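Comments concern the structure below.
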Amino acid sequence: MGKRVALVLAGCGVFDGSEIHEASAALVHLSRGGAEVKIFAPDIEQRDVVNHLKGEPTEEKRNVLVESARLARGNIQDLAELNASDFDAVIFPGGFGVAKNLCSWAVDGKNCTVNNHVNSTLQAFHSAKKPIGLCCISPVLAAKVFPGCEVTVGQDKNVDGRFPDAETASAIAELGCKHICKNVNESHVDKANKIVTTCAFMCKAPLHEIFDGIGTMIQEVLKLA
């Protein structure tokens, strides 16, 4: 029997929702691993809506669940309905939507608040000792909710210009967590907390390397499950 995995989205599009390539990579690797996947997103308004052609905010209003349904091909549920007892693991792809819609990291940094349903989902899986997989910026959710945990968002220095958001590692450390430096094609496993993280697009890397890194995260999550 395949593992039952919940995947949580934050909208559709890198600048205001879930990063599409990361969500797709996670789903491909979960499929290859024989997992049975159900997709969720919070039924809330997006913090903002960005014109991805111009990279500028617009006056539009969009709903995170409705936008996430684009990635889920319509097969999606409200995050409020997620019951951790029905699943063996949970996965959070990245994208600015994580830092804008699932929490307020984009505005408040380490002083951010986490959406109540996101927080309760993370707490439920953690309490049940079920693995949590996070990539790109989403490891900050674990850093905020689980002080003392270990995560990676890549490197803590902007090595060769490939890690422009390396200061995120310092903010994670300021939250009392341990940042582990990893390359884009690697993931880190916090065995004590069953948290698996990989940097994905926090690194400027070819798409296949990001895809492979997410693959290592999914493989480790499925092993722990």
Side-chain angles (χ1 to χ4, degrees), residues 2-10 14 18-35 37 87-95 98-99 102 105 118 121-122 125-126 129-146 148-160 162-173 175 177-225:
K3 301 299 181 183
R4 301 162 302 164
V5 179
L7 185 132
V8 181
L9 296 178
V14 59
S18 288
E19 210 297 317
I20 294 170
H21 298 293
E22 291 178 10
S24 179
L27 288 166
V28 170
H29 287 294
L30 285 166
S31 176
R32 182 169 287 147
V37 181
F87 296 93
D88 301 303
V90 65
I91 303 289
F92 287 79
V98 171
L102 303 192
W105 187 278
V118 173
T121 295
L122 289 166
F125 277 86
H126 188 259
K129 297 186 174 7
K130 294 179 177 181
I132 299 166
L134 311 110
C135 66
C136 194
I137 190 62
S138 64
V140 301
L141 295 173
K144 186 67 181 181
V145 176
F146 307 118
C149 72
E150 298 177 357
V151 298
T152 188
V153 289
Q155 301 290 323
D156 56 10
K157 294 182 178 57
N158 190 7
V159 182
D160 299 326
R162 280 163 47 94
F163 293 91
D165 301 304
E167 71 277 359
T168 304
S170 300
I172 286 170
L175 285 170
C177 299
K178 185 173 183 180
H179 180 266
I180 310 296
C181 291
K182 290 285 183 177
N183 292 322
V184 66
N185 60 346
E186 300 176 312
S187 56
H188 176 70
V189 181
D190 177 348
K191 292 181 180 176
N193 290 292
K194 289 196 172 182
I195 295 170
V196 187
T197 51
T198 189
C199 69
F201 278 101
M202 294 293 276
C203 177
K204 289 187 174 181
L207 183 57
H208 70 277
E209 291 184 13
I210 291 162
F211 183 90
D212 291 345
I214 292 171
T216 68
M217 182 262 284
I218 296 295
Q219 287 168 13
E220 294 296 342
V221 165
L222 293 178
K223 277 186 204 170
L224 289 172

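All values derive from a computational prediction rather than experimental measurement.
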Out of curiosity, Lys144 NZ to Cys149 SG, how far, rounded to the nearest 0.5 Å?
12.5 Å
Test side-chain contact (heavy atoms from CB on, under 4.5 Å) applied to Val98 and Pro139, Cys136, Ser138, the passing residue
Ser138
Considering all heavy atoms, the nearest Met202-Val153 contact:
CB-O, 3.5 Å
Would you name the heavy atoms of Glu19 and His21 that are closest together and state the gap between them?
OE1-N, 2.8 Å
Rounded to the nearest 0.5 Å, the CG atom of Asn183 sits from the CZ atom of Phe163 at a distance of 6.5 Å
Residues passing the side-chain contact (heavy atoms from CB on, under 4.5 Å) test with Ala205, sequence neighbours excluded, are Arg162, Val184, Cys203, Glu209, Ile210
N/O donor-acceptor pair under 3.5 Å between Glu22 side chain and Pro93 backbone
no
Please enumerate all residues that pass salt bridge (Lys or Arg N to Asp or Glu O under 4.0 Å) together with Asp156, with sequence neighbours excluded.
none
Kindly give the heavy-atom pair with the smallest separation between Cys199 and Gly154, and that separation in Å.
CB-N, 3.3 Å
Check whether any side-chain N or O of Ser18 sits under 3.5 Å from a backbone N or O of Ala10 as a donor-acceptor pair, and report yes or no.
yes
Taken in chain and number order and not counting sequence neighbours, the residues that satisfy ring-ring contact (aromatic ring centres under 6.0 Å, His included) with Phe146 are His126
Can you tell me if Thr152 uses its side chain to pair, donor with acceptor, with the backbone of Cys181 under 3.5 Å?
no
Could you state the interatomic distance from CG (Leu30) to CD1 (Ile218), rounded to the nearest 0.5 Å?
4.0 Å
Of all heavy-atom pairs linking Ala142 and Leu134, the shortest is CB-CD1, 4.1 Å
Working note: Thr216 + Asp212, criterion side-chain contact (heavy atoms from CB on, under 4.5 Å); need CA distance, chi angles, decisive distance, verdict.
CA-CA 6 Å; Thr216 68; Asp212 291 345; 5.8 Å; no
Are there more than 12 heavy atoms of other residues, nucleotides or ligands under 6.0 Å from atom CZ of Arg4?
yes
As a quick check of understanding, evaluate side-chain contact (heavy atoms from CB on, under 4.5 Å) for Thr198 and Ile214, giving each step before the final call.
CA-CA 6 Å; Thr198 189; Ile214 292 171; 4.2 Å; yes
Residues which pass salt bridge (Lys or Arg N to Asp or Glu O under 4.0 Å) with Lys223, listed by chain and number, not counting sequence neighbours:
Glu220
So, Asp190 side chain and Asn193 main chain: donor-acceptor pair closer than 3.5 Å or not?
yes
Main-chain N/O of Lys129 paired with Lys194 side-chain donor or acceptor, under 3.5 Å:
yes
Where do Leu222 and Val5 land on the side-chain contact (heavy atoms from CB on, under 4.5 Å) test, with the steps shown first?
CA-CA 9 Å; Leu222 293 178; Val5 179; 4.0 Å; yes
Atom of Ala143, atom of Cys177 and distance for their closest heavy-atom approach
O-SG, 3.4 Å
Do the side chain of Gln155 and the main chain of Lys182 share a donor and acceptor less than 3.5 angstrom apart?
yes
Point-to-point distance, once rounded to the nearest 0.5 Å, from CG of Leu141 to CH2 of Trp105
9.5 Å
Those residues at least two apart in sequence (or on a different chain) that pass ring-ring contact (aromatic ring centres under 6.0 Å, His included) with Phe87 are Phe40
Filter on ring pair (Phe, Tyr, Trp, His ring centres under 6.0 Å), then keep only pairs touching residues 199-225, sequence neighbours left out; what's left?
His29-Phe211
Rounded to the nearest 0.5 Å, the OG1 atom of Thr168 sits from the NE2 atom of His179 at a distance of 8.5 Å
Closest non-hydrogen atom pair between Pro164 and Lys204, with its separation:
CG-CE, 3.9 Å
Go through Ile195 and Glu150 one step at a time and tell me if the side-chain contact (heavy atoms from CB on, under 4.5 Å) criterion holds.
CA-CA 8 Å; Ile195 295 170; Glu150 298 177 357; over 6 Å; no
